[in-house]
Amino acid sequence: MFRVLGNRKVTPNAHEMIVEAPEVARKAQAGQFALLMVNEHSERIPYTLSDWDKEAGSVTFIVLEVGKSTSDFVRLQPGDEVAHVTGPLGMPLEVDNFGTVALIGGCYGLGGVVPVGRTMKAAGNRVITFVEARMEGMHYYLDKYESFSDEVVQTTTDGSNGIKGHGVDILEARLKEGVQVDRVFAVGCPFMMMITAQLTQPYEIKTFAALNPIMLDGTGMCGACRCTVGEETKFACVDGPFFDAHLVDWHELRDRRAAYIRIERDVCK
Ligand SMILES: Cc1cc2nc3c(=O)[nH]c(=O)nc-3n(C[C@H](O)[C@H](O)[C@H](O)COP(=O)(O)OP(=O)(O)OC[C@H]3O[C@@H](n4cnc5c(N)ncnc54)[C@H](O)[C@@H]3O)c2cc1C
Ligand code: FES
């Protein structure tokens, strides 16, 4: 069993969950995720490793409460236990000094960009972090972003905090101004990642997105997470989750993610 060490509400629908998982923390690298089962009968649910502490033996997830499994997880309190934490899974990101790296985070990606930014900064990159949210009160982790970013840009859809608009709008404005960006990493909902890819493609800026198809085993055995990247079939759990965003078949990803939506709604009734 894996003990819950912390549960903090960071926005009205997102929790920072800290779980004791020393073996996962010991090997974790930026870009990876873990699969978690709240109890022996739960679904196996993938969560991005948004932080880890090798000494404390803990891993941190940002969990957006969207349905049954995420609700079951965020209901746990420090001292409670989860049945399984399997990881780290997925390919670590390729890290190098690319020059200027732009990160775009939305939804749980506000946590997911943290290890990416830290690693890219440590490799000598200039890091610009764009974090988008719907409204005031939906941003968190500013102190973390500031620790690795040369610039942090906060946006809200309604303009109630930071610049009005989306991260991608501000990135577009910067690119139009002639700001040099050498690599982009996007973590969040598929629509945000898709429009980021559409923006950067004409500028020929290598862009990576953390794909989030439905996953079951997380080890390349079941095929549930298959997606098309550059006309090749890939398994997001073992070949990803980060892929060249210009090559992803975004419409297929959207359709596959929605495959069980009616059943998921019924479970939550
Ligand atoms: C690599 C990866 C990393 C992720 N990281 C995070 C994260 O850090 N924080 C976070 O809150 N969410 C993350 N997700 C999404 C998270 O797994 C889903 O929100 C969760 O599975 C929803 O389960 P549910 O029962 O609460 O909701 P449901 O009502 O069952 O599902 C809501 C939606 O979530 C997606 N989903 C459902 N089951 C799965 C599954 N087994 N695998 C993947 N997606 C599923 C589907 O699109 C579905 O329509 C990640 C997904 C992937 C693939
Ligand atoms: S989740 Fe089964 S192959 Fe990826």
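Every heavy atom of this structure was used, including side-chain atoms; hydrogens, water molecules and symmetry mates were not. Order of listing sets the numbers, starting from 1, for every ligand and every atom in it.
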Counting from 1 in the order shown, the ligand 1 atoms closer than 4.0 Å to a non-hydrogen atom of Ile62 are 7 (C), 8 (O), 9 (N), 10 (C), 11 (O)
Nearest 0.5 Å, please: how far is CG in Asn212 from SG in Cys189?
8.5 Å
Location of contacts on Leu216 toward ligand 1, heavy atoms closer than 4.0 Å:
neither
Heavy-atom contacts with Cys225 under 4.0 Å: which atoms of ligand 2 show up? List them by number with element.
1 (S), 3 (S), 4 (Fe)
Under 4.0 Å, counting heavy atoms only: does Phe61 come that close to any atom of ligand 1?
no
Which is it for Asn212 and ligand 1 at heavy atoms under 4.0 Å: side chain, backbone, both or neither?
both
What's the shortest distance from atom 3 (S) of ligand 2 to any protein heavy atom, and which residue and atom give it?
Gly223 N, 3.2 Å
Within 45° of the ring axis of Phe98 and under 6.0 Å from its six-membered ring centre, is that where the NZ or CZ of Arg183 lies?
yes
Quick one: report the N, O or S atom of Asp217 that is nearest to atom 2 (Fe) of ligand 2.
OD1
I'd like to know if Glu16 pairs up with Arg8 as an ion pair, taking the criterion as any Lys NZ or Arg NE/NH1/NH2 lying under 4.0 Å from an Asp or Glu carboxylate oxygen.
yes
Does any N or O of ligand 1 fall below 3.5 Å from an N or O anywhere on Gly67, backbone included?
yes
Give a yes or no on whether Cys222 keeps an N, O or S atom under 2.8 Å from atom 2 (Fe) of ligand 2.
yes
Is the closest side-chain donor-acceptor distance between Glu132 and Thr155 under 3.5 Å?
no
Check ligand 2 against Leu216 and write out every atom of the ligand that is under 4.0 Å from a heavy-atom position of the residue.
1 (S)
Salt-bridge contact Lys206-Asp182 (side-chain N to carboxylate O under 4.0 Å):
no
Ligand-residue contact atoms, ligand 1 with Tyr47, heavy atoms, under 4.0 Å
4 (C), 5 (N), 6 (C), 7 (C), 8 (O), 9 (N), 10 (C)
Provide the number and element of each atom of ligand 1 under 4.0 Å from a heavy atom of Leu64.
10 (C), 11 (O)
Once you restrict to heavy atoms under 4.0 Å, what part of Met221 touches ligand 2? Side chain, backbone, both or neither.
backbone
Would you please say whether a donor-acceptor pair under 3.5 Å links the side chains of His139 and Gln154?
yes
Could you list the atoms of ligand 2 found under 4.0 angstrom from a heavy atom of Gly220?
3 (S)
Can you name the atoms of ligand 1, numbered from 1 with element, that are less than 4.0 Å from a heavy atom of Arg44?
41 (N)
What are the atoms of ligand 1, with element, lying closer than 4.0 Å to any heavy atom of Glu43?
25 (O)
Give the atom numbers and elements of ligand 2 that come within less than 4.0 Å of a heavy atom of Cys237.
1 (S), 3 (S), 4 (Fe)
Between Asn13 and Thr11: side-chain donor-acceptor atoms closer than 3.5 Å:
yes
Close approach of Pro213 to ligand 1, heavy atoms, under 4.0 angstrom
yes
Can you tell whether the side chains of Lys121 and Asp150 come within less than 4.0 Å, N to carboxylate O?
yes
With heavy atoms under 4.0 Å as the rule, classify the contact between Tyr108 and ligand 1 as side chain, backbone, both or neither.
side chain
Would you tell me whether Asn39 and Ser42 have side-chain atoms, one donor and one acceptor, within less than 3.5 Å of each other?
yes
Between the side chain of Gln32 and the main-chain N/O of Gln29, is any donor-acceptor distance below 3.5 Å?
yes
Contacting atoms of ligand 1, where contact means under 4.0 angstrom from a heavy atom of Val63:
11 (O)
With a 4.0 Å cut-off on N to O distance, would you call Glu232 and Lys234 a salt bridge?
yes
Report yes or no: does a heavy atom of Glu65 sit under 4.0 Å from some atom of ligand 1?
no
Look at atom 41 (N) of ligand 1 and find which of Gln32, Met215, Met17, Arg254 reaches it with the closest heavy atom.
Met215
Show the atoms of ligand 1 that are less than 4.0 angstrom away from any heavy atom in Ile45.
17 (O), 20 (C), 21 (O), 23 (O), 41 (N)
Can you confirm whether more than 12 heavy atoms, excluding those of Arg44, are under 6.0 Å from its CZ atom?
yes
For ligand 2, which atoms, with element, lie under 4.0 Å from some heavy atom of Gly218?
1 (S), 2 (Fe)
If only side-chain N and O atoms count, and only distance matters, is there a donor-acceptor pair under 3.5 Å linking Glu252 with Thr228?
yes
Return the option from Thr48, Val66, Asn13 holding the heavy atom at the smallest distance from atom 19 (O) of ligand 1.
Val66
Would you check if the distance from the ring center of Phe33 to the ring center of Phe61 is below 6.0 Å?
no
Do Val131 and Val184 belong to the same hydrophobic cluster, where Ile, Leu, Val, Met, Phe, Trp and Tyr are linked whenever their side-chain heavy atoms lie under 4.5 Å apart, directly or via other members?
no
